[in-house]
Novice: 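One structure, pasted below without further comment.
In the text below, chain A, chain B and the rest are named by the order of the sequence lines, each starting its count at 1.
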Amino acid sequence: MLQASGLSFAYNGRPVLDGIDLAARRGQVTALLGPNGTGKTTLLRCLLGLLAPGAGRVLADGRDVRALKPAQRARLMAYVPQEVSLRFPMSVFEAVLLGRRPYLGWRPSHADFSVVERVLSGLGLGPLAERDLTTLSGGQRQKVALARALAQETDFLLLDEPTSSLDLKHQIEVLELAAAAARRRGMGVVMALHEVNMAARYADQVALLCGGAMAAQGAPDEVLDAGSIERVYGVAVDRYMDGDGNRGCWFPLRAAEGARQACESIFGAQGET
Amino acid sequence: MAEWTAGYLGGQGRRQRFLAVLLCLAVLAAALGLAAGPHGIALPRTGLEIEMFWALRLPRVVLALLIGSGLAMAGGLSQAVLRNPLASPFTLGIASGGAFGAALAIILGVLSPWAMAASAFAFALSTSLLVLGLARLKNSRPETLILGGVAVMFLYSAATSLLQYVGTEHQTQAIVFWSFGNLGRAGWNEIAVAAAMILLPAPLLLKLAWDLNALAGGDEAAASLGVDVGRVRLLGIVLSSLMAAGAIAFAGVIGFIGLVAPHAARMCVGSDHRYLFPASALFGAALVTAADAAARTIWAPQVIPIGIVTSFLGVPFFFWLLLRSSREYW
């Protein structure tokens with residue numbers, strides 16, 4: 001279990017996270033939801049042990065992540081950052097092989113190669129193995145980043161808005177893979193998401209952040225309702241259900257008062273519609 | 001072994017063969033350098049010529065090989081840790097620091113080559129200490145380091161200009177001449193010192209290779225792969241500065257090699273630093289040695305300063321590589 005307790009963090013004195021409690025279990029997908037700038041990425045970085053929290057701590061299976069050596073952390077948790085900027089050419093195979101970095105000596109072993117092979121074929125990236133990363137589309141690059149993280153063979157997988165630049169098909173693919181990593185391989189998956197509906201569909205647990213604090217936490221059905229979404233995002237929503245009443249989706253109706261005022265002050269008042 | 005691994009390993013084999021070719025190229029350049037003299041390509045015959053060969057030409061070629069490989073490795077290292085293809089060992093102000101150190105020695109009337117080299121070395125290294133201090137106070141993002149380095153570079157350039165302004169005509173000429181680069185200043189003792197500063201860090205570079213490969217995907221991705229990004233970056237700057245300062249202390253500023261040799265190597269063997277460092281070193285060694293041979297023969301018995309020739313020979317070569325490369329910019 002990856003557990004944050006009383007986690008607070010500030011960038012140069014500007015508080016970002018305030019007293020966050022979160023428990024991400026193995027075999028489950030935990031979605032971090034919340035508006036832009038609410039501290040989702042910072043929370044992920046704290047969970048990974050890349051940032052030192054001002055207060056509180058993060059325990060991975062009972063051990064403080066900041067006390068682990070970088071290589072130990074890398075064998076425990078993998079991370080797919082929001083954006084990967086590449087300055088120098090690198091093939092897809094090499095990029096995925098980097099996921100074996102925590103295990104490597106000078107020369108990769110047969111075991112390393114077979115992990116890379118399995119991940120490449122699993123994600124359908126085999127035909128691209130020799131392609132240069134810089135020539136791939138955004139969706140393909142995102143899959144390569146995911147492949148690298150899976151090749152790391154960790155217990156926990158943390159993803160920062162893995163679907164933000166993807167088309168519908170790639171979004172579904174990436175989320176299915178993340179969910180399968182949790183359910184089939186028993187990994188603990190934590191991902192920051194913007195899509196409320198995707199979170200409702202794929203997550204076992206939703207953590208709703210607002211202004212650096214935890215607004216609500218629990219199963220999607222418990223946490224997500226019209227009231228909590230409007231409170232956190234400032235957008236009124238309505239829920240539409242399918243015929244059987246099994247699946248619903250949230251549909252934004254209008255922005256809350258602040259956004260409407262902004263529109264009126266910029267573009268002028270609008271007649272009743 | 002499935003096909004994609006076979007493809008990767010095949011690529012590795014290709015890289016190893018490329019390294020062998022580059023080694024031959026460096027050996028060829030060294031042979032050319034040994035044979036090139038004021039009378040064109042000719043082996044020494046008379047007693048005096050043989051004596052000159054051992055006393056002057058051999059140390060000169062050895063120094064050229066050392067300086068070329070040192071600047072090239074330092075360049076590849078700074079490009080990797082600063083994550084910037086425009087970086088060279090001189091990005092952090094090392095060249096201007098070294099030039100100031102040499103200028104200071106000239107103005108103060110210290111004419112011993114050792115004292116000049118020591119002063120150049122100390123001031124070259126001081127620039128990276130300033131930049132590291134900045135990183136410690138603020139952060140070690142590449143942008144911070146590059147901006148700090150550029151600022152330090154301007155500071156030392158201004159200081160050197162001041163020295164030129166207050167110096168005599170003769171001193172100013174000496175300062176300018178130092179900055180052109182000269183492989184003829186060093187004897188075996190100086191070469192031994194330069195070799196220690198350039199060759200001793202080389203195994204450490206290879207040890208950092210996987211960390212630097214991981215760094216190519218960004219600081220965060222590298223950190224999540226278990227790389228201590230801050231430590232690797234600072235270590236990289238220290239090693240790169242040490243190698244570059246060792247090179248320029250005895251040979252003056254030879255600027256182009258540190259930028260171009262790593263790029264040329266990258267076009268041939270790719271970005272895996274396990275191959276990139278040896279390939280850069282061989283490229284740099286071959287380039288400086290060949291340029292020096294040309295510098296001594298083109299306008300014999302005049303010797304054109306090496307810093308000028310490397311650029312005149314290197315730039316067309318680099319343009320050719322740039323144009324035939326299928327990638328966007330290298």
Novice: Please classify the contact of V227(B) with chain A as side chain, backbone, both or neither, using a heavy-atom distance under 4.5 Å.
Specialist: both
Novice: For Q16(B) and Y275(B): C-alpha separation, side-chain torsions, deciding distance, then whether side chain to side chain donor-acceptor pair (under 3.5 Å) applies.
Specialist: CA-CA 8 Å; Q16(B) 282 157 10; Y275(B) 296 95; 3.3 Å; yes
Novice: Heavy-atom distance under 4.5 Å to chain A: side chain of Q12(B), backbone, both or neither?
Specialist: neither
Novice: Side chains of R183(A) and Q28(A): any donor to acceptor distance under 3.5 Å?
Specialist: no
Novice: Quick one: which of L206(B), D228(B), D272(B) has the most heavy-atom pairs under 4.5 Å with chain A, could you say?
Specialist: L206(B)
Novice: Thinking salt bridges, do R148(A) and E94(A) make one under a 4.0 Å N-O criterion?
Specialist: no
Novice: Where do P162(A) and V174(A) come nearest, in terms of heavy atoms and distance?
Specialist: CB-CG1, 3.8 Å
Novice: Side chain from CB out, backbone as N, CA, C, O: work out which of these in L98(A) comes under 4.5 Å of a heavy atom of chain B, or both, or neither.
Specialist: both
Novice: Less than 4.5 Å to any heavy atom of chain B: does that hold for the side chain of S91(A), its backbone, both, or neither?
Specialist: neither
Novice: Sort A74(A) into side chain, backbone, both or neither according to what part of it lies under 4.5 angstrom from a heavy atom of chain B.
Specialist: both
Novice: Salt bridge or not between D219(B) and R233(B)? Use side-chain N to carboxylate O under 4.0 Å.
Specialist: yes
Novice: From the options L51(A), L43(A), I20(A), select the one residue that forms a side-chain contact (heavy atoms from CB on, under 4.5 Å) with F9(A).
Specialist: L51(A)
Novice: Who among S121(A), A95(A), G49(A), P127(A) has the most heavy-atom pairs with chain B under 4.5 Å?
Specialist: S121(A)
Novice: Under a 4.5 Å heavy-atom cut-off, does chain B meet the side chain of R45(A), its backbone, both or neither?
Specialist: side chain
Novice: Got a donor-acceptor contact below 3.5 angstrom from the R100(A) side chain to the V116(A) backbone?
Specialist: no
Novice: Under 4.5 Å from any heavy atom of chain A, what part of A209(B) do you find: side chain, backbone, both or neither?
Specialist: side chain
Novice: Under a 4.5 Å cutoff for heavy-atom pairs, which residue among P81(A), A145(A), A149(A) has the most contacts with chain B?
Specialist: P81(A)
